J.: 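My structure is below; once you've seen it, I'll send some questions.
Below, chain A is the first sequence line, B the second, and so on; all start at residue 1. All figures in this text were calculated on a predicted structure; none of them were measured in a lab.
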Amino acid sequence: MARPLFQALPGTRDLLPPDTDRMRELVSRFAERAITAGFGLVVPPMFEDIGVFVRLGEASDVVSKELYDFEDKGGRHIALRPEQTASVCRIYAEARPTTPWKAWYAGPNFRYDKPQAGRYRQFDQVGAEVIGSHDPDVDVELIALAARFFRDIGLTRVRLLLNSLGDGADRPRYLDALRAHFESDVGALSEQSRLTLAKNPLRVLDSKRPQDLELVASAPVIVDYLSDDAGAAFERVQAGLTVLGVEFELAPRLVRGLDYYTRTTFEFAADGLESAQNAVGGGGRYDGLIADLGGPPDPGVGFALGVDRTLLACDAESAFSGPDTRIEVWIVATTGGFEATELADELRAHGIRTDRSFDGRSMKAQMKGADRSGASLALIVGADEAAAGMVSIRSLREQGAQQSLVPRSDLVTKVKEMLER
RNA sequence: GUGGCCGUAGCUCAGUUGGCUAGAGCGCCUGGUUGUGGUCCAGGAGGUCGGGGGUUCAAAACCCCUCGGUCACCCCA
């Protein structure tokens, strides 16, 4: 195929209707739920000083290999945001809103990854964060928000996986145990996992390589290493979810790719997705992140949902078709005057989705346009109607196709009446 | 970053062991109706066969490079 001079870059996509309509609707459903729960919209910049993101974890791929970074004309080292939690924390440290601060957001993020199913270099997320509270009931509220949202848009095959990663105090003890476990039989591990083990033993649990499966399955479980405090919080989260009837599965080996997580960690897996990328959302606590960014030592919890993957999951379940944005009325005018211009303006002023042909096309071509637009009514103004101050209204839905002549002055009322049937 | 598969019209694809002016369906435009869509009929526009190089009398087909897509690993949303 002959390619145009320019194409969308790898990992980026051009979104067009009807995908854009679905996306808009999805974000607005999320907004509705978030606002109903007392969250306010924040709009972080799309780029920050790279230091903001480096705090996410220097051992993580997201930071070490996937950042889009560059030097700006002022000599600053900048990076496009790979996610929005870090920015929200930076905003919190800078603006110091009263706590608990509840913020939601929606927008694109950027990671220099190799694209594949459900993975793009520019991808959209919606998310919510609560900063300034240790209360596990906050964790419950957030998880429920996400779970209800998925249900709201019609997804049924989404599983909630739940784990606790413990605190600063319990983590080192667990890591020691984990390291000891893997090192006891290091020869059995894949080469890549051995490298991971040196950098971040937790992430070895995430390996999907067959040869690692056995050792991963027998690895110690962090829940056994939780402090009393962290253990009690984890119990409380589970109890809260149970009270709300939000189903979850304990996933003792669930780890997340960013290093900042503590305590409650969770992920939403879409079983409808056949691709390897079936996580449609995830989140957890990050009680140390704000301090790392130079802010107060305040705790935070939050989650982000992948908009693109969520929509893919909807496709797999034939859910969430999106709003109908089709044209309702098509104007066919052949006099060469301004009838189409005036009528379109008038109907649009009444909120009726209206369109028309241009370029002086034949009546037949204009009618074809009307049919293709999906409009249920065609308004026809030819020489006869124009002379009489009338408009012909033709119904395009029924096969009988009845047509009636109405005075120009009654047009809007009549059109509204006919559209309601 | 590593690997598998794939690039022919706007879209989905066919094109035999290399061999005529490269095809189909859908879509698009025009006409059949001097003012009427959705069905039907006729005609038409639209292709550097992803790009470059090579082999050959001859390449969409074979070889090399490259670009792009896709899927998996990795990683994650």
J.: Side chain of Met363(A) only, please: which of C28(B), C74(B), G35(B) is the nearest?
T.: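 Of all the options, the side chain of Met363(A) is nearest to G35(B).
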J.: Taking pairing as Watson-Crick or G-U wobble with both contacts under 3.5 Å, can you name the mate of G25(B), or confirm there isn't one?
T.: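 Per the H-bond distance test, C11(B).
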J.: Using a cut-off of 4.0 Å on non-hydrogen atoms, how would the nucleic acid contact of Ile380(A) be classed: base, sugar-phosphate, or nothing?
T.: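 If one applies the 4.0 Å heavy-atom cut-off, Ile380(A) turns out to touch a base.
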J.: Whether Arg263(A) engages the ring of Phe234(A) as a cation-pi pair (distance to the six-membered ring centre under 6.0 angstrom, angle to the ring normal within 45°) should be assessed.
T.: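 No, Arg263(A) and Phe234(A) do not form such a contact.
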J.: Indicate yes or no: does Asp308(A) engage Arg13(A) in a salt bridge with an N to O separation below 4.0 Å.
T.: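 Counted as a salt bridge, because a side-chain N and a carboxylate O are separated by less than 4.0 Å.
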J.: Output the single nucleotide from C29(B), G31(B), C75(B) whose closest atom is nearest the side chain of Asp61(A).
T.: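 Nearest to the side-chain atoms of Asp61(A), counting from C-beta on, is C75(B).
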J.: Report which part of the nucleic acid Lys364(A) touches: base, sugar-phosphate, or nothing (heavy-atom distance under 4.0 Å, all strands).
T.: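 The residue Lys364(A) makes base contact.
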J.: Does Phe268(A) reach a base, just sugar-phosphate, or nothing at all? Heavy atoms under 4.0 Å.
T.: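 Phe268(A): no heavy atom of the nucleic acid under 4.0 Å.
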J.: With a non-hydrogen cut-off below 4.0 angstrom, is Gly118(A) in contact with a base, only sugar-phosphate, or nothing?
T.: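 Result for Gly118(A) = base.
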J.: Let me check something: any side-chain donor-acceptor pairs from residues 38-53 of chain A under 3.5 Å, sequence neighbours excluded? List them with distances.
T.:
from, atom 1, to, atom 2, distance (Å)
Glu48(A), OE1, Arg90(A), NH1, 2.7
Glu48(A), OE2, Ser87(A), OG, 2.9
Glu48(A), OE2, Arg90(A), NH1, 2.6
Asp49(A), OD1, Gly51(A), N, 2.8

J.: Give one of base, sugar-phosphate or nothing for Gln84(A), where a contact means two heavy atoms less than 4.0 Å apart.
T.: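 No contact.
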J.: Taking donor-acceptor contacts at under 3.5 Å, does the side chain of Arg111(A) reach the base of C75(B)?
T.: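 When only heavy-atom distances are counted, Arg111(A) does not reach the base of C75(B) through any donor-acceptor pair under 3.5 Å.
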J.: Suppose we call a contact any N or O donor and acceptor under 3.5 Å apart; does that hold for the side chain of Arg309(A) and the base of C76(B)?
T.: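 Between C76(B) and Arg309(A), which were checked side chain against base, a qualifying N/O pair under 3.5 Å is present.
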J.: As a test of reading the structure: which of C74(B), U36(B), G31(B) is closest to the side chain of Ser362(A), going by heavy atoms?
T.: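 Closest of the options to the side chain of Ser362(A): G31(B).
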J.: For Gln366(A), answer base if it contacts any base atom (sugar-phosphate contacts may also be present), sugar-phosphate if it contacts only those atoms, and nothing otherwise; contact means non-hydrogen atoms under 4.0 Å.
T.: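 It contacts nothing in the nucleic acid.
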J.: Only pairs with both distances under 3.5 Å count, Watson-Crick or wobble alike; so what is the partner of G68(B) in this structure?
T.: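 When the pairing criteria are applied, C6(B) turns out to be the nucleotide that pairs with G68(B).
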J.: In Watson-Crick or G-U wobble terms, both distances under 3.5 Å, what is the partner of A42(B)?
T.: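 Checking every strand shown, A42(B) finds its partner in U30(B), with both distances under 3.5 Å.
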J.: State whether the distance check finds a donor on one side and an acceptor on the other, under 3.5 Å, for side chain Asp371(A) versus base G37(B).
T.: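 Flag set: donor-acceptor pair detected.
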J.: Does Arg119(A) contact C74(B) through a side-chain donor or acceptor facing the base, at a distance under 3.5 Å?
T.: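 When only heavy-atom distances are counted, Arg119(A) does reach the base of C74(B) through a donor-acceptor pair under 3.5 Å.
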J.: Indicate, yes or no, whether a donor-acceptor pair under 3.5 Å links the base of G35(B) to the side chain of Gln403(A).
T.: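 For Gln403(A), whose side chain was compared with the base of G35(B), there is no donor-acceptor pair (under 3.5 Å).
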J.: Quick one: label Arg121(A) by what it contacts on the DNA or RNA (base, sugar-phosphate, nothing), any heavy atom closer than 4.0 Å.
T.: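 The residue Arg121(A) makes no contact with any strand.
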J.: Closer to the 5' end of RNA chain B via nearest nucleotide, is it Glu66(A) or Lys114(A)?
T.: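 Nearer the 5' end of the strand: Lys114(A).
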J.: What is the pairing partner of U56(B), taking Watson-Crick or G-U wobble pairs with both distances under 3.5 Å in any strand?
T.: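 Because no pair has both required distances under 3.5 Å, U56(B) counts as unpaired.
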J.: Could you tell me the separation between the CG atom of Leu273(A) and the C1' atom of A77(B), rounded to a whole number of Å?
T.: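 It works out to 11 Å between those atoms.
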J.: What integer number of Å spans the P atoms of G35(B) and U39(B)?
T.: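 Their P atoms lie roughly 23 Å apart.
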J.: What's Ser275(A) touching, base or sugar-phosphate or nothing? Going by heavy atoms closer than 4.0 Å.
T.: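 Ser275(A): backbone/sugar contact only, no base atoms under 4.0 Å.
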J.: Please classify the nucleic acid contact of Ala370(A) as base, sugar-phosphate, or nothing, using heavy-atom distances under 4.0 Å.
T.: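 No contact.
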J.: Between G68(B), G1(B), G37(B), spot the one nearest the side chain of Pro10(A), thanks.
T.: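 Nearest listed nucleotide: G68(B).
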